[in-house]
There are 2 protein chains.
Amino acid sequence: MTVRQDVHSVGIPVLCQSCEARHRGVCGALDPDQLVGLAKISSKQTIEPGVELIGDAETVDSYSNVLSGVVKLTKSLSDGRQQIVGLQFAPDFLGRPFKVESAINAEAATAVSLCSFPRASIERMIRESPELEHRLLKQTLNELDEAREWMVTLGRKTAAEKVASFLLMIARNIDPALDPATNTTSFELPLTRADIADFLGLTIETVSRQLTRLRTDGLIRIENNRHVTVTSLKRLASRSGA
Amino acid sequence: MTVRQDVHSVGIPVLCQSCEARHRGVCGALDPDQLVGLAKISSKQTIEPGVELIGDAETVDSYSNVLSGVVKLTKSLSDGRQQIVGLQFAPDFLGRPFKVESAINAEAATAVSLCSFPRASIERMIRESPELEHRLLKQTLNELDEAREWMVTLGRKTAAEKVASFLLMIARNIDPALDPATNTTSFELPLTRADIADFLGLTIETVSRQLTRLRTDGLIRIENNRHVTVTSLKRLASRSGA
DNA sequence: CGTTATATTGACAAGCTTCAAACACCGTGG
DNA sequence: CCACGGTGTTTGAAGCTTGTCAATATAACG
């Protein structure tokens, strides 16, 4: 028992021992030596909801792994209209390699903890480790798939379908093994109504109306604004457009 | 002169000599030996507009470079509503590595010429050549940037802004060096009104109305439905939301 | 317990879609 | 040569979904 543990954790920095990014995230590409090197220059930090992590047109000099919480990626038009273009959950990699200027904003949607490292070091490691680049490519391809999935939602679904799709996406994210046959799940919404509206290309009022409709129709229950219980996953899915 | 040419073209397969993908596309990552190997198993083909290249939920066993023309990537809802989630121009790489099942449709929007190679070979080459994977990562990141840009358009812009944005995107794609100070450009639309509607999340009628509005307002001229002349790039840009 | 942020609800207006019809372009065949 | 059908586009009128503005309710917080 102790032997097995030693085999797996020998040379692994304390910081990384229980880190999810080492398993499912990009750090899984690194060998113990690289991990030690990276751990030396990386720092864990906790961020309050609403705090801006990366500003539009700012130069980015650090990348991060999301360890917990939800980060929203947003883009804005000159007159203030805003659109959320991505949500990042643990253990996603946060940052846009190979570009000094960010074209998007990143903001903590909930309380977030990050593991950050300097830009230069991670880009050097990418050059040295093809496996790291491979993981990045895979995550980027997944993000592209998600973005395209949401383009369909934004362009072609009704408000009712958008809200149902959003709830399903969150439910699946909280519990990836969610069986479509099960009827009931329950979770905390990581976003405010305003955020949900920015995510779905709707107004706060329309989001609210669609949620109350789902509530009065008996598909969901809502407590304290944020806690949602889906009482009929099947009926919810049938309203998501698919 | 001839010496210089020889230096550059020695060992380069005839098929690839004048190919744009060798310069700006993924093939630029390959050395002459790899290029010869790939050229042996690749084939050039021409495709008519409207022909489906990759069907939804089909298993993909070949990848391609787009050599000319425009390929539209679409996703559909069960009831037939459709959304274009990407446009691919030369010399884009066409295909979704590391996934056997395609979740999207690819269809020739115009006449298209492709250079195709078997899935297995390209995936082997990716494993062997980090530089190839690097190029793929860069293209994927660019596609992700574009997708997110269009999410803002789909979610937050008005019909008028959407159409203006679309025209600007096409103009910039035809002439990447397009100076915002110049007033006039002219190009062939690679998409029908129906395609434009599917791209912008609108109906054919709304697209048509917005185009005639731009026409009667003197920002553009349209000949034969497809040929567009922008007469005031600045005014068009000011209507794109930005 | 008052104060502020967040969410809900209602009435009305606007924008986009829907449905319908006319128009333009193009190749075919009489 | 012109009538004809086909496809793609434009235009019009009406209706519905969503946005806007305003008021109220609920929750969060000192």
Side-chain angles (χ1 to χ4, degrees), chain A residues 48-51 72 77 79-83 109-111 153-167 188-217 220-228 239 241, chain B residues 48-51 72 77 79-83 107 109-110 153-167 188-217 220-228 239 241:
Chain A
E48 293 299 298
V51 173
K72 54 180 187 181
L77 300 177
D79 64 358
R81 280 173 289 175
Q82 201 174 53
Q83 176 67 44
T110 64
T153 303
L154 288 172
R156 288 303 185 200
K157 290 191 185 174
T158 65
E161 291 169 336
K162 285 180 178 181
V163 172
S165 302
F166 171 75
L167 292 177
E188 294 294 315
L189 282 179
L191 302 184
T192 64
R193 300 292 186 272
D195 284 338
I196 299 173
D198 281 349
F199 190 67
L200 298 175
L202 299 170
T203 59
I204 298 180
E205 294 92 330
T206 302
V207 171
S208 180
R209 276 185 252 269
Q210 297 303 333
L211 284 174
T212 58
R213 187 132 184 280
L214 290 174
R215 190 153 38 79
T216 56
D217 288 1
I220 61 172
R221 268 181 296 140
I222 302 181
E223 286 140 46
N224 298 333
N225 286 338
R226 292 291 194 109
H227 188 84
V228 175
R239 292 202 189 185
Chain B
E48 293 298 299
V51 173
K72 55 179 187 181
L77 300 178
D79 63 359
R81 281 174 288 175
Q82 202 174 52
Q83 174 69 43
E107 188 184 318
T110 65
T153 302
L154 289 171
R156 287 306 185 198
K157 290 190 186 175
T158 65
E161 291 170 335
K162 284 180 179 181
V163 172
S165 302
F166 172 75
L167 292 177
E188 294 293 315
L189 282 178
L191 302 184
T192 64
R193 301 291 185 273
D195 284 338
I196 299 174
D198 281 349
F199 190 67
L200 298 175
L202 300 169
T203 59
I204 298 181
E205 294 93 328
T206 301
V207 171
S208 180
R209 277 184 250 271
Q210 297 302 334
L211 284 174
T212 58
R213 186 129 184 281
L214 290 174
R215 189 153 38 76
T216 56
D217 288 0
I220 62 173
R221 268 180 296 140
I222 302 180
E223 285 140 48
N224 298 333
N225 285 341
R226 291 292 194 108
H227 188 84
V228 175
R239 291 202 190 185

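Owing to the predicted nature of the structure, the values given are computational and were not obtained by experimental measurement. Note on naming: letters A, B, ... go to the chains in the order of the sequence lines (proteins, then strands), and numbering restarts at 1 for each one.
- Distance CZ (B:Arg226) to P (D:dG8): 9 Å, rounded to an integer number of Å.
- Few gaps surround CZ on A:Arg226; more than 12 heavy atoms of other groups in view lie less than 6.0 Å from it.
- For B:Gln210 against C:dC16, a side-chain-to-base donor-acceptor contact under 3.5 Å is absent.
- Distance CG/B:Asp198 to CD1/B:Ile204: 8.0 Å, rounded to 0.5 Å.
- Regarding contacts with the backbone of D:dT18, every side-chain N or O of A:Arg209 stays at 4.0 angstrom or more from both OP1 and OP2.
- Counting heavy-atom neighbours within 6.0 Å of B:Arg213 CZ, excluding the residue itself, gives a total of 12 or less.
- Side-chain proximity of B:Ile204 to D:dG19, C:dC16, D:dT10: nearest is D:dT10.
- At the heavy-atom level, A:Gly50 lies nowhere under 4.0 Å from the strands shown.
- Mapping A:Lys157 and A:Asn224 onto DNA chain D by nearest heavy atom places A:Lys157 closer to the 5' end of the strand.
- Atom pair B:Arg213:CZ and D:dT11:P shows a separation of 13 Å (rounding to whole Å applied).
- When the nucleotides C:dC16, D:dT10, C:dA7 are ranked by their closest atom to the side chain of B:Thr212, D:dT10 comes out on top.
- A straight line from NZ of B:Lys162 to P of C:dT17 spans 7 Å, rounded to a whole angstrom.
- Counting to the nearest Å, the C1' atom of D:dT18 and the CG atom of A:Asp198 are 16 Å from each other.
- Taking atom CD of residue B:Glu205 and atom C1' of nucleotide D:dA14, one finds them 14 Å apart after rounding to whole Å.
- Among the nucleotides D:dT10, C:dT17, C:dC19, the one closest to the side chain of B:Ser208 is D:dT10.
- The side chain of B:Asn225 approaches D:dT9 more closely than any other nucleotide in the set C:dC16, D:dT9, D:dT18.
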For the pair A:Val207 and A:Phe199, evaluate side-chain contact (heavy atoms from CB on, under 4.5 Å) and give the outcome as yes or no after the intermediate values. CA-CA 10 Å; A:Val207 171; A:Phe199 190 67; over 6 Å; no
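- Residue A:Thr203 places its side chain closer to D:dT20 than to any other of D:dT20, C:dC16, D:dT11.
- Rounded to whole Å, atom P of C:dC26 lies 13 Å from atom CD of B:Glu223.
- Residue-environment remark: CD (B:Glu223) exceeds the threshold of 12 foreign heavy atoms within 6.0 Å.
- Here D:dG8 presents its C1' atom at 14 Å from CG of B:Leu191, a figure rounded to the nearest Å.
- Looking at heavy-atom distances under 4.0 Å, B:Leu211 makes no contact with the nucleic acid at all.
- In this structure, B:Asp195 places its CG atom 10 Å from P of D:dG8, rounding to the nearest Å.
- Not one side-chain nitrogen or oxygen of A:Thr206 sits closer than 4.0 Å to the OP1 or OP2 atom of D:dT18.
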